[in-house]
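For clarity, every value in this text was computed on a predicted model and none was experimentally measured.
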Amino acid sequence: MMDALLDYCAAQPGMLVVPIDVLSADGLDPVAAEAYAARGLLSNTECERIDTMIRKYCERAAKLGRASRQWFPPRVQHLCLVTDGVRTRPYFQPFHASSWLLYREDVAPDTSSLEFSIFLLFQAERQVLQQQIGASLLTNLPYLLILDDDQLADFIDGCRKSARPDAAGYRALADALPELRTMHHEVFRRPTVAVSGAQRLANGLIADAGQQQVLERLQRDWMQAIEAVVAAHRNTVRRPAARAGRSLVDWLDDENPHLVVTGEQGEVLWRAAGTGSPTLASVLAGATPEAEASILADLEVIDRRSRAFLDSLADPAALARPASWMTAGGLSYIHGDTLRIAYSLTDDPERLRHASPPYERWMLAARTVHEWGHQAAESGWVRVDPERVEERKARERALVESLDQLVDALPAGLHRPLTGALGRAGDADRSPGETMLAGLLRRIDDYMANLLARHYLSADEMDTYVRNNVGARLLDYAPEQALTHLLRVAYEFQYLSLSTIRDPERWFMDSTWFDSLFAAPGVCSRARFLALTDRIAAICDTYSIDADRIRLPDGSD
């Protein structure tokens, strides 16, 4: 199992992943560390650094979270180490909202330091939660006030040695630290007397006019470093050739793949051999050689996966039209007019300049078959087993009973706001559990689609889908929506059973802030949550694929 996991983590050019599976608050799993070193993927020294930085990060995050609500509690994420500098897309998430994106140099002693690497984890987390790369540094500055002198010296040493593409920004931070350390903070360094002319800033720092000028200069230097990284990345590709896009157009017409190519606002640029519009040639004229090759590889994936699915149907013409709730967007989607998978050349501003980033093509394959799975479910070919309808009803009643018990057990101060946020207006006859069940059933089409999709995907592709779709949903829900939030993650927990992740419970609990979001406030204990996931799994288990309509690929069950 470890060999297969390492194969997955080292499979993409430009990146090495140390996944959630082998990380915890205790650091890096020693068996995994030995395996990484034995394969020559990481040195023993790098493994030791990762082990210590993760452990220290979790300790510090816990301390900060207890001290101030501006800080997030600890969790582990996929540690994604870029190995080819600016060639790999900077500041992106290989796994949605579950990635620390660092550089290989950040865990190497010659080009980093322990305290610097710990701070980079806070930076990576903050950039996702704040959804702003530029503002992340200033927001995280108060962290540096909790370091003692030795830790601070080690941090400054890391800033000076750093070889990451935006190292200039961290060197500017090192230059500003003497002044920063004189500032007060509302929690970490409270002033004992009033500070003349000082202001409390959004990050909690208390700074006078001169200190604010230091912060403004640091922010300018930081933004320049970020912009330089983005510019350097853009310059890693060749210019478009004189006949840019021509080979791609020829391939479309020669191979006639089962897909649709779209442009701005969903405009169809190509739908079948000989139908390429002038706009297609115009759009592709700006494609770099790297982008053109990547787009071709994407289209080949969509075509192969689509044909495999359609060839397995007893009657492809009987597929239902896309449901009204299906959205036209994402890596790929069902195009309503043609009932084909649509691939947009323009939804990603980098698509015509760069090759797809690590793990995106595996996600494209998963997304493509997932969309076909929706069509099969909409057609009634993935459904509750006809012989288990009554059993299904009983399982739904059991889940409702568990949900109502959970609501009844809520602390008194939470009961009214949390149940009020369920949106039960106009349906007073429903219990909270019945309302929550209705919400679950509105989402269960995704499970139905995945139940089918796994038969057409490789383990790597299915794992990539799961790692992108099971995770923290902190940014999606307000605190009063805790019950809706809870049921969503309990439902998405089911996806883990479709993957190769060996310990779904630990993986989930370590990476999603479950304890701080649900257990600590008294919304739901771990034990009650796992009982809920068992109830939901029992409901999911009643679904089956209509063998008269779909002949699953060889080797599927």
For a quick test of reading the model, state the closest non-hydrogen atom pair linking [X] to [Y] and the distance between them.
| X | Y | answer |
| --- | --- | --- |
| Glu480 | Leu418 | O-CD2, 3.4 Å |
| Leu532 | Ser402 | CD2-CB, 3.9 Å |
| Val400 | Ser431 | CG1-OG, 4.0 Å |
| Leu299 | Leu259 | O-CD2, 3.5 Å |
| Trp270 | Asn256 | CH2-OD1, 3.6 Å |
| Pro504 | Phe493 | O-CE1, 3.9 Å |

Check your understanding: Can you list the steps and then say if Leu406 with Leu486 is a side-chain contact (heavy atoms from CB on, under 4.5 Å)?
Key -> CA-CA 11 Å; Leu406 180 149; Leu486 175 70; 3.7 Å; yes
Using side-chain heavy atoms (C-beta onward) and a distance below 4.5 Å, is [X] in contact with [Y]?
| X | Y | result |
| --- | --- | --- |
| His96 | Asn469 | no |
| Ser332 | Leu364 | yes |
| Met53 | Leu102 | yes |
| Thr275 | Val268 | no |
| Met2 | Leu5 | yes |
| Val470 | Ile501 | no |
| Arg305 | Glu371 | no |
| Val489 | Leu517 | no |

Is [X] atom [atom1] crowded by more than 12 heavy atoms from other residues, nucleotides or ligands, each under 6.0 Å away?
| X | atom1 | value |
| --- | --- | --- |
| Gln405 | CD | yes |
| Arg39 | CZ | yes |
| Gln131 | CD | yes |

Check your understanding: Hey, is Glu396 close enough to Lys393 for a salt bridge, meaning N to O under 4.0 Å?
Key ->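 Looking at Glu396 and Lys393, the cut-off is not met.
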**Study point:** Note: Arg397-Glu401 ion pair, threshold 4.0 Å (strictly below)
**Key:**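 Result for this pair is no, no salt bridge flagged.
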Review point. Does the side-chain contact (heavy atoms from CB on, under 4.5 Å) test come out yes or no for His415 and Val407, once each step is laid out?
Key: CA-CA 7 Å; His415 193 281; Val407 171; 3.5 Å; yes
Review point. Which pairs, with at least one residue in residues 373-398 and sequence neighbours excluded, count as a ring-ring contact (aromatic ring centres under 6.0 Å, His included)?
Key: Trp325-His374, His370-His374
Tell me, please, which residues at least two apart from [X] pass salt bridge (charged side-chain N to carboxylate O under 4.0 Å, His left out).
| X | answer |
| --- | --- |
| Asp510 | Arg506 |
| Asp253 | none |
| Glu264 | none |

Backbone N/O of [Y] and side chain of [X]: donor-acceptor pair under 3.5 Å:
| X | Y | result |
| --- | --- | --- |
| Asp84 | Pro13 | no |
| Tyr447 | Tyr491 | no |
| Arg388 | Asp541 | yes |
| Arg488 | Gly439 | no |
| Gln93 | Ser98 | yes |

Point to revise | Residues Val260, Asp337; criterion side-chain contact (heavy atoms from CB on, under 4.5 Å); working and verdict | key: CA-CA 10 Å; Val260 174; Asp337 292 340; over 6 Å; no
Output the distance between atom [atom1] ([X]) and atom [atom2] ([Y]), rounded to the nearest 0.5 Å.
| X | Y | atom1 | atom2 | result |
| --- | --- | --- | --- | --- |
| Gln77 | Leu101 | CD | CG | 10.5 Å |
| Leu440 | Ile536 | CG | CD1 | 5.5 Å |
| Thr484 | Arg473 | OG1 | CZ | 13.5 Å |
| Gln123 | Gln130 | CD | CD | 9.0 Å |
| Met462 | Tyr495 | CE | OH | 8.5 Å |

Exercise for review: Quick one: which residue pairs count as a side-chain hydrogen bond (donor to acceptor under 3.5 Å, both in side chains) with a foot in residues 523-534, not counting sequence neighbours?
Suggested key: Asp515-Arg526
Check your understanding: So, Tyr8 and Thr464: side-chain donor and acceptor under 3.5 Å apart, yes or no?
Key ->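 Result is yes, a qualifying pair exists.
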Check your understanding: Going by atom types only, do Arg361 and Ser356 share a side-chain donor-acceptor pair under 3.5 Å?
Key ->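 Yes - a donor-acceptor pair under 3.5 Å links their side chains.
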Check your understanding: Taking the inter-plane angle between the rings of Tyr333 and His335 on a 0 to 90° scale, is it parallel (under 30°), tilted (30 to 60°) or perpendicular (over 60°)?
Key ->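 If you compare the ring of Tyr333 with that of His335, the planes turn out tilted.
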Review point. Who pairs with Phe95 by ring pair (Phe, Tyr, Trp, His ring centres under 6.0 Å), at least two apart in sequence or on another chain?
Key: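 Partners of Phe95 by the ring pair (Phe, Tyr, Trp, His ring centres under 6.0 Å) criterion, ordered by chain and then number, come out as His78, Tyr359.
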Exercise for review: Just jot down the ring pair (Phe, Tyr, Trp, His ring centres under 6.0 Å) partners of His485, sequence neighbours excluded, or say none.
Suggested key: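 Residues passing ring pair (Phe, Tyr, Trp, His ring centres under 6.0 Å) with His485: Tyr477, Phe518.
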List the atom pairs, donor and acceptor, that lie under 3.5 Å between side-chain atoms in residues 308-320 and the rest of the protein, sequence neighbours left out.
unit_1	atom_1	unit_2	atom_2	d
Ser312	OG	Phe309	O	2.6
Ser312	OG	Tyr456	OH	2.7
Asp315	OD1	Ala317	N	3.3

Exercise for review: Examine Phe508 together with Phe529 and report whether their ring centres are nearer than 6.0 Å.
Suggested key: yes
Exercise for review: For side-chain contact (heavy atoms from CB on, under 4.5 Å), just list the numbers for Trp362 and Asp463, CA-CA rounded to whole Å, side-chain angles, deciding distance to a tenth of an Å, and then say yes or no.
Suggested key: CA-CA 9 Å; Trp362 281 349; Asp463 275 9; over 6 Å; no
Using atom types as modelled, flag every donor-acceptor pair under 3.5 Å from a side chain in residues 20-31 to any protein atom, sequence neighbours excluded.
unit_1	atom_1	unit_2	atom_2	d
Asp21	OD1	Arg467	NH1	2.7
Asp21	OD1	Arg467	NH2	3.4
Asp21	OD1	Trp507	NE1	3.3
Asp21	OD2	Arg467	NH2	3.1
Ser24	OG	Asp26	N	3.1
Asp29	OD2	Val31	N	3.1
Asp29	OD2	Ala32	N	2.9

Can you list the residues that meet the side chain to side chain contact (heavy atoms under 4.5 Å, CB included) rule with [X], with sequence neighbours excluded?
| X | value |
| --- | --- |
| Leu129 | Phe72, Glu125, Leu474, Leu475, Trp513 |
| Arg351 | Ile295, Leu331, Tyr343, Asp347, Asp348, Glu360 |
| Ser306 | His258, Ile302, Ile341, Thr368, Trp372 |

